[in-house]
Amino acid sequence: MRAAHVDAIIVTGGETDVCVLATVLGAVDWGYRVILVTDALCSSADETHDSMMNIYMNRFGQQVECLTTETLLGSWPGSARARLVK
């Protein structure tokens, strides 16, 4: 990914406390900017999902940016949000 000049990773997916956590920690370890889309995550256990969201937003606040899909698309270069609405 470095050869392709990738410097940020946008993370969505299932199992906030397992697969998403592994992806986030790996990306942080490799020095990538990590963007976690809060309303595009889920887990099979609400309690651990909520706990991990708290950890992502508070403990990893310096390493992980948490935002909603709407905020992400609204700030996307080239007006991606407008293209999706069509």
Side-chain angles (χ1 to χ4, degrees):
M1 290 193 324
R2 295 277 187 221
H5 305 288
V6 172
D7 64 354
I9 297 174
I10 299 170
V11 181
T12 65
E15 297 308 326
T16 312
D17 54 332
V18 182
C19 301
V20 171
L21 176 60
T23 301
V24 166
L25 292 178
V28 167
D29 283 346
W30 281 96
Y32 288 96
R33 175 182 176 203
V34 178
I35 301 169
L36 195 62
V37 186
T38 57
D39 58 347
L41 300 169
C42 66
S43 184
S44 57
D46 289 340
E47 184 177 340
T48 54
H49 170 80
D50 294 343
S51 294
M52 284 310 306
M53 293 308 299
N54 184 42
I55 291 169
Y56 291 133
M57 288 188 264
N58 294 302
R59 173 61 179 90
F60 295 136
Q62 295 296 313
Q63 297 88 3
V64 177
E65 296 175 57
C66 295
L67 43 91
T68 64
T69 302
E70 183 176 359
T71 300
L72 177 66
L73 293 178
S75 63
W76 199 273
S79 191
R81 184 176 178 191
R83 287 194 306 267
L84 290 175
V85 174
K86 290 181 181 180

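The residues of the chain are indexed from 1 along the displayed sequence. Please read all numbers here as calculations on a predicted model, not as lab measurements.
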Shared ILVMFWY cluster between [X] and [Y], side chains joined below 4.5 angstrom?
X     : Y     : result
Ile10 : Val28 : no
Ile35 : Leu25 : no
Trp76 : Val6  : no
Val11 : Ile55 : yes
Leu21 : Val18 : no

When you look at Met1 and Ile9, which way does the side chain to side chain contact (heavy atoms under 4.5 Å, CB included) test go after all the steps? CA-CA 10 Å; Met1 290 193 324; Ile9 297 174; 3.7 Å; yes
Among residues two or more places apart or on two chains, list those pairs meeting side-chain hydrogen bond (donor to acceptor under 3.5 Å, both in side chains) that have a residue in residues 9-26.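 Listed once each, the pairs are Glu15-Ser43, Glu15-Ser44, Thr16-His49, Asp17-Ser43, Asp17-Thr48.
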Distance in Å, [X] [atom1] paired with [Y] [atom2], rounded so as to fall on 0.5 Å steps:
X     : Y     : atom1 : atom2 : value
Leu72 : Leu36 : CG    : CG    : 11.0 Å
Asp39 : Thr68 : CG    : OG1   : 5.5 Å
Leu41 : Met52 : CG    : CE    : 10.5 Å
Asp46 : Met53 : CG    : CE    : 12.5 Å
Thr38 : Tyr56 : OG1   : OH    : 12.0 Å

Considering all heavy atoms of both residues, which atom of Gly14 and which atom of Cys19 are nearest to each other, and what is their separation?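 Nearest pair, atom of Gly14 first, then Cys19: O-CB, 3.8 Å.
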Looking only at heavy atoms, which two atoms of Arg2 and Gly31 are closest? And how far apart?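 Looking at all heavy atoms of both residues, the closest pair is NH2-C, 3.9 Å.
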